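Letters A, B, ... are given to chains in the order of the sequence lines, protein chains preceding strands, and every chain is numbered from 1. Remember, it's a predicted structure, so these values are computed and weren't measured experimentally.
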Amino acid sequence: GAGVSQSPSNKVTEKGKDVELRCDPISGHTALYWYRQRLGQGLEFLIYFQGNSAPDKSGLPSDRFSAERTGESVSTLTIQRTQQEDSAVYLCASSSYLGEQYFGPGTRLTVT
Amino acid sequence: RKEVEQDPGPFNVPEGATVAFNCTYSNSASQSFFWYRQDCRKEPKLLMSVYSSGNEDGRFTAQLNRASQYISLLIRDSKLSDSATYLCVAEAGTALIFGKGTTLSVSS
C-alpha cells in the first residue's frame with residue numbers, strides 16, 4: 001500500500017519568504033507528526049495531531065511556524081518569513097499506534 | 001527536560017562482529033521504548049520495540065533497565081547492510097523523543 005508522501009521533496013527559498021510543506025499520511029492513521037532534522041542532528045519534534053483533538057504544538061520553535069490538518073488526512077506545515085536557521089529536512093510521520101511511526105521521505109528546505 | 005542520550009560513535013566494525021549500543025533516557029514516566037534505523041539521507045524506520053523482559057528479533061536483541069533508565073541494542077554477526085544510524089526512542093506522553101543516533105559502519 002501507499003506510504004507517507006511529502007511534497008515538495010526539495011524547496012529552495014529566499015530568506016523572508018513563506019513556504020508550505022505538505023504531508024499525505026497513510027490512510028487510516030489517526031496520528032500525524034511533524035519533525036525537523038538539521039544536518040547531522042537528531043529529530044526535533046514540532047507538532048502532533050490526533051484525530052479531532054487539539055494538536056500538541058509544544059515543539060513549534062516560534063510563531064512563524066504553524067500547521068493544520070484536515071480531519072485525518074492531509075497536513076500542511078507553514079513557515080512564515082523563513083530564516084536561514086530554518087534550513088533542514090522536515091519529516092512527517094503517521095501512525096495508528098504511538099511507537100510505530102511511518103515516516104515520509106521528507107522535504108529538504110534550503111533558505112538562502 | 002525530556003532527553004534521550006546516545007553515544008554518537010561512529011562504531012567501525014568488521015563483518016561478523018558483535019556490537020552493542022546503549023542509551024539513557026531522562027523521563028522516568030516513559031513506558032515505551034523503541035529502536036529506529038536511519039540510513040544516510042533517508043527517513044527513519046522502526047527496527048524494533050523494546051520490552052521490559054528484553055526481546056530478540058533475529059540478530060538483534062534489545063534490553064531495557066528501568067531502574068537505571070537505560071536501553072541497549074545488540075547486533076550479532078554484523079552485515080554490511082547494517083551500516084546506518086540507530087536511533088534510541090522513548091515515549092513521552094503523546095510524542096516520541098528521539099536520541100541523536102549512533103552511527104554504525106560495518107566493513108568487509
Side-chain angles (χ1 to χ4, degrees), chain A residues 2-7 9-10 21 23-26 29-60 67 69 88-110, chain B residues 1-10 21-27 29-52 55 57 60 62 64 71 73 84-105:
Chain A
V4 177
S5 62
Q6 293 186 243
S7 62
S9 55
N10 282 283
L21 312 180
C23 172
D24 282 89
I26 292 172
H29 280 186
T30 57
L32 186 148
Y33 303 79
W34 283 98
Y35 296 89
R36 177 170 70 180
Q37 187 171 34
R38 292 191 167 111
L39 187 64
Q41 300 297 310
L43 274 71
E44 178 185 1
F45 166 74
L46 297 178
I47 188 168
Y48 159 68
F49 295 91
Q50 173 65 55
N52 294 317
S53 301
D56 177 355
K57 303 180 181 180
S58 60
L60 294 178
R69 187 183 187 192
V89 176
Y90 289 82
L91 290 159
C92 172
S94 73
S95 74
S96 56
Y97 155 61
L98 173 62
E100 190 163 7
Q101 296 189 8
Y102 293 85
F103 284 81
T107 294
R108 186 173 301 277
L109 175 66
T110 303
Chain B
R1 182 175 176 177
K2 301 170 184 175
E3 292 182 341
V4 173
E5 301 287 342
Q6 296 183 250
D7 180 346
F21 305 139
N22 305 313
C23 89
T24 58
Y25 61 95
S26 63
N27 184 2
S30 291
Q31 296 294 313
S32 303
F33 306 90
F34 312 91
W35 284 98
Y36 275 69
R37 169 188 171 137
Q38 186 171 25
D39 291 283
C40 188
R41 301 177 77 87
K42 297 286 190 180
E43 69 273 20
K45 294 184 179 179
L46 178 66
L47 177 66
M48 60 195 301
S49 300
V50 184
Y51 301 120
S52 296
N55 50 297
D57 183 1
F60 298 82
L64 167 65
I71 303 160
L73 176 68
T85 297
Y86 291 83
L87 308 176
C88 180
V89 184
E91 158 267 332
T94 57
L96 295 181
I97 306 299
F98 285 78
K100 293 185 177 180
T102 297
T103 299
L104 173 66
S105 178

request  = To the nearest 0.5 Å, tell me how far B/F98 CZ sits from A/Q37 CD.
outcome  = 9.5 Å
note = The interface call for A/E44 against chain B, heavy-atom contacts under 4.5 Å, is neither
task = For B/P44 and A/F103, work out which heavy atoms get closest and say how close.
result = O-CD1, 3.3 Å
ask   = Atom CZ in B/R41, atom CG in A/L39: separation rounded to 0.5 Å?
value = 7.5 Å
inquiry  = If I measure from the heavy atoms of chain A, does B/Q38 come under 4.5 Å with its side chain, its backbone, both, or neither?
reply    = side chain
ask   = Which heavy atom of A/Y33 sits nearest a heavy atom of B/A95, and at what distance?
value = CE2-CA, 4.3 Å
request  = Please indicate whether A/Y102 has more than 12 foreign heavy atoms, meaning atoms of other residues, nucleotides or ligands, lying under 6.0 Å from its OH.
outcome  = no
inquiry  = If you count heavy-atom pairs within less than 4.5 Å of chain B, which of A/G42, A/S58, A/A31, A/G59 leads?
reply    = A/G42
request  = Check each atom of A/Y35 against the heavy atoms of chain B and say whether the ones under 4.5 Å are side chain, backbone, both or neither.
outcome  = side chain
inquiry  = For A/L43, run the side-chain contact (heavy atoms from CB on, under 4.5 Å) check against B/L87, B/L96, B/V89 and tell me which one passes.
reply    = B/L87
